[in-house]
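A short write-up of the structure that comes next.
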Amino acid sequence: MSVGFIGAGQLAFALARGFTAAGVLAAHKITASSPDTDLPTVSGLRKMGVNFTVSNKDTVKSSDVLFLAVKPPIIPFILEEVGPDIEARHIVVSCAAGVTISSIEKKLSTFCPTPKVIRCMTNTPVIVREGATVYATGTHADVEDGKLVEQLMASVGFCTEVEEDLIDAVTGLSGSGPAYAFTALDALADGGVKMGLPRRLAVRLGAQALLGAAKMLLESEQHPGQLKDNVCSPGGATIHALHFLESGGFRSLLINAVEASCIRTRELQHLADQEKISPAAIKKTLLDKVKLESPSLSVASASKVSLFTNKSPSSKND
Amino acid sequence: MEAVELRVGFVGAGRMAGGLARGLLRAGKVPASSILASAPSDKNLDAWRESGCRTTHCNLEVLQESTLVFLATKPHILPGVLQEIRPAVGSHHIVVSLVAGVTLQTLQRLLPAGTKVLRLMPNLPCVVQAGAMVFARGSGAGDGEAALLKSLLSSCGLCEEVPESYINIHTGLSGSGVAYVYLFAEALAEGAVKMGMPGSLASRIAAQTLLGAAKMMLESGEHPAKLRGDVCTPGGTTIHALHQLEKGALRATVMNAVEAATNRARDMAED
């Protein structure tokens with residue numbers, strides 16, 4: 001079986017790394033393509049032994065399972081481009097947040113009568129084979145197709161099938177989840193440093209604490225509330241700390257975060273469905289975004305990067 | 001000592017004493033004729049007489065007639081009362097103080113050495129036999145006295161022995177806690193009224209909801225977080241509502257309340 005990635009960014013890199021580390025796929029059976037050869041992930045993929053090309057069509061031709069690993073607004077244009085090369089044998093797996101199976105099937109059906117489409121939502125820890133992935137199967141994808149994708153994704157973490165209407169919620173929870181965790185870990189490390197720990201040790205201990213807690217929860221029958229209680233000796237340090245968390249509305253912040261991510265996903269989907277973005281604008285915003293991610297520019301931390309408008313004060317018009 | 005032979009006395013005949021007595025009577029633990037209560041005036045004593053208990057205005061009589069004696073006066077009255085009854089206190093007596101803020105140390109200091117003293121912190125719903133009580137034993141009280149008290153008072157609700165240091169926490173949690181529940185019930189009902197339900201119906205339903213939830217918690221032994229999760233269907237009404245509660249930091253506020261009441265109890269305690 002050969003696997004292709006349209007897009008050679010973080011997601012393609014993470015999945016390729018995960019699959020090869022898990023031994024389910026040899027690197028040379030993987031192809032990735034992108035017009036942008038300057039991405040740091042491109043050299044990473046090359047080093048892995050993945051076949052890299054600038055031709056999306058080449059990727060399609062050499063793959064059985066084709067991952068669409070580009071940003072959501074790009075998907076329609078990709079589908080237009082590679083549609084003619086999609087055959088009945090292909091399993092098209094879209095990992096794009098907010099992009100529905102029906103929108104993909106609709107685009108592809110002009111080229112191929114029964115395209116096999118699977119939509120999945122995964123997350124970056126696939127890179128260390130601790131991903132969280134859900135998938136929903138499209139109209140023409142068989143049970144075996146789903147199982148094949150499930151097997152692939154299960155090699156890099158947890159994977160289960162869901163109804164498509166749950167995928168936005170999954171995005172909010174485990175799609176964005178690692179970012180919440182990184183933020184928490186950064187802050188925990190700050191706490192450690194404030195109380196006297198060297199930074200590296202603080203980061204290490206914080207991460208291990210979360211990793212251990214997560215592992216305990218996954219392996220336990222008990223409710224997280226019970227596990228929390230087990231740590232809180234009466235009048236002790238932990239319960240004092242938890243009181244602070246509760247006072248700050250810790251729980252509601254997390255609920256808000258999951259909700260915001262899920263709602264935003266739906267908004268993006270809605271905008272994408274309307275296909276209001278011209279190809280020229282896509283190219284511009286993609287380039288601008290790449291510039292914004294460049295470490296040589298300083299961006300005010302409060303400014304939001306929007307894929308649809310160019311609000312950054314420091315980006316150049318091209 | 002057989003509970004049936006037990007003669008129970010109450011020094012002070014107010015709400016708490018009345019609640020405990022009612023519990024003992026309802027559960028058939030002690031016949032009314034074995035209960036003697038004293039109070040300065042008849043104001044409180046009428047209700048006792050109506051239940052068949054004996055009453056008096058003489059505290060010493062309670063000590064002379066009873067083996068198990070509950071001290072249920074207001075805190076500022078107690079030292080005077082202890083001085084008064086001290087001569088009549090013997091080694092056969094079991095003295096149980098319900099007086100808030102008066103420590104075992106104080107009680108033992110004001111009573112003869114070696115007296116079997118215990119300290120009880122009940123809460124208001126004892127009057128309907130759904131109380132939460134904790135007690136601590138003094139140095140003169142042994143397993144027998146503790147077992148007797150626990151067995152008798154289980155007729156009024158939950159009764160557990162604890163170290164004395166937990167008593168102030170119990171005040172914050174359950175003594176005052178009853179008021180937190182009333183506040184919550186009122187707010188629930190008010191929400192319902194806002195949404196169009198008549199107040200008295202809303203109030204009764206609010207109370208029943210709290211009762212039912214508490215009963216499930218006690219009977220299932222399950223963690224409240226799990227019970228909460230069981231009620232929350234994905235994307236449903238409950239989780240939406242809970243989110244509102246979390247946004248309002250309800251948990252932290254409740255923790256603050258328990259902490260404030262406990263600290264206040266500690267401050268108010270003598271010695």
Side-chain angles (χ1 to χ4, degrees), chain A residues 121 134 136 160-174 180 184 213 216-218 220-263 265-266, chain B residues 134 136 160-174 177 180 184 213 216-218 220-263 265-266:
Chain A
M121 169 49 56
V134 300
T160 191
E161 184 175 7
V162 296
E163 292 298 317
E164 189 180 8
D165 59 2
L166 295 184
I167 292 191
D168 294 333
V170 174
T171 307
L173 173 56
S174 56
Y180 316 154
M216 276 181 78
L217 180 56
L218 287 171
S220 165
E221 298 283 308
Q222 293 185 310
H223 194 284
Q226 180 63 63
L227 292 171
K228 162 184 61 79
D229 284 359
N230 294 347
V231 186
C232 291
S233 35
T238 310
I239 189 71
H240 273 73
L242 278 180
H243 192 181
F244 265 100
L245 288 181
E246 297 289 4
S247 300
F250 184 59
R251 290 173 186 257
S252 81
L253 285 179
L254 291 171
I255 298 172
N256 292 348
V258 174
E259 187 176 39
S261 173
C262 178
I263 289 175
T265 302
R266 290 177 187 153
Chain B
V134 297
E160 298 284 348
E161 182 177 0
V162 298
E164 190 177 15
S165 61
Y166 290 8
I167 290 189
N168 291 324
I169 306 171
H170 179 74
T171 303
L173 165 61
S174 183
Y180 320 157
F184 189 63
M216 282 187 73
M217 206 170 134
L218 286 169
S220 73
E222 296 203 280
H223 197 284
K226 161 127 195 338
L227 291 169
R228 170 173 48 89
D230 289 346
V231 186
C232 292
T233 40
T237 61
T238 311
I239 191 69
H240 273 76
L242 283 174
H243 192 185
Q244 289 300 321
L245 294 179
E246 298 288 7
K247 281 183 190 173
L250 177 66
R251 292 173 184 261
T253 309
V254 171
M255 288 176 78
N256 291 344
V258 174
E259 189 173 339
T262 304
N263 284 338
R266 286 176 182 158

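Remember, predicted model here, so these are calculated numbers, not experimental data.
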List, with distances to 0.1 Å, the donor-acceptor pairs found between chain A and chain B - the cut-off being under 3.5 Å and no angle criterion applied.
| unit_1 | atom_1 | unit_2 | atom_2 | d |
| --- | --- | --- | --- | --- |
| His223(A) | NE2 | Ala225(B) | O | 3.2 |
| Gly225(A) | O | His223(B) | NE2 | 3.3 |
| Asp229(A) | OD2 | His223(B) | NE2 | 2.5 |
| His243(A) | ND1 | Glu259(B) | OE1 | 3.4 |
| His243(A) | NE2 | Ala252(B) | O | 3.3 |
| His243(A) | NE2 | Asn256(B) | OD1 | 2.5 |
| Asn256(A) | OD1 | His243(B) | NE2 | 2.4 |

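Other residues, nucleotides and ligands contribute only 12 or fewer heavy atoms inside 6.0 Å of the CE atom of Met216(B).
Residue Ile239(A) touches chain B through both its backbone and its side chain, counting heavy-atom pairs closer than 4.5 Å.
Residues forming a side-chain contact (heavy atoms from CB on, under 4.5 Å) with Ala169(A) (at least two apart in sequence, or on another chain): Cys262(A). Applying the side-chain contact (heavy atoms from CB on, under 4.5 Å) test to Leu217(A) and every residue at least two apart in sequence or in another chain returns Pro224(A), Leu227(A). Qualifying side-chain contact (heavy atoms from CB on, under 4.5 Å) partners for Met217(B), counting only residues two or more places apart in sequence or in other chains: Pro224(B), Leu227(B).
Shortest non-hydrogen contact noted between Ala225(B) and Gly225(A) is CB-CA, 4.1 Å.
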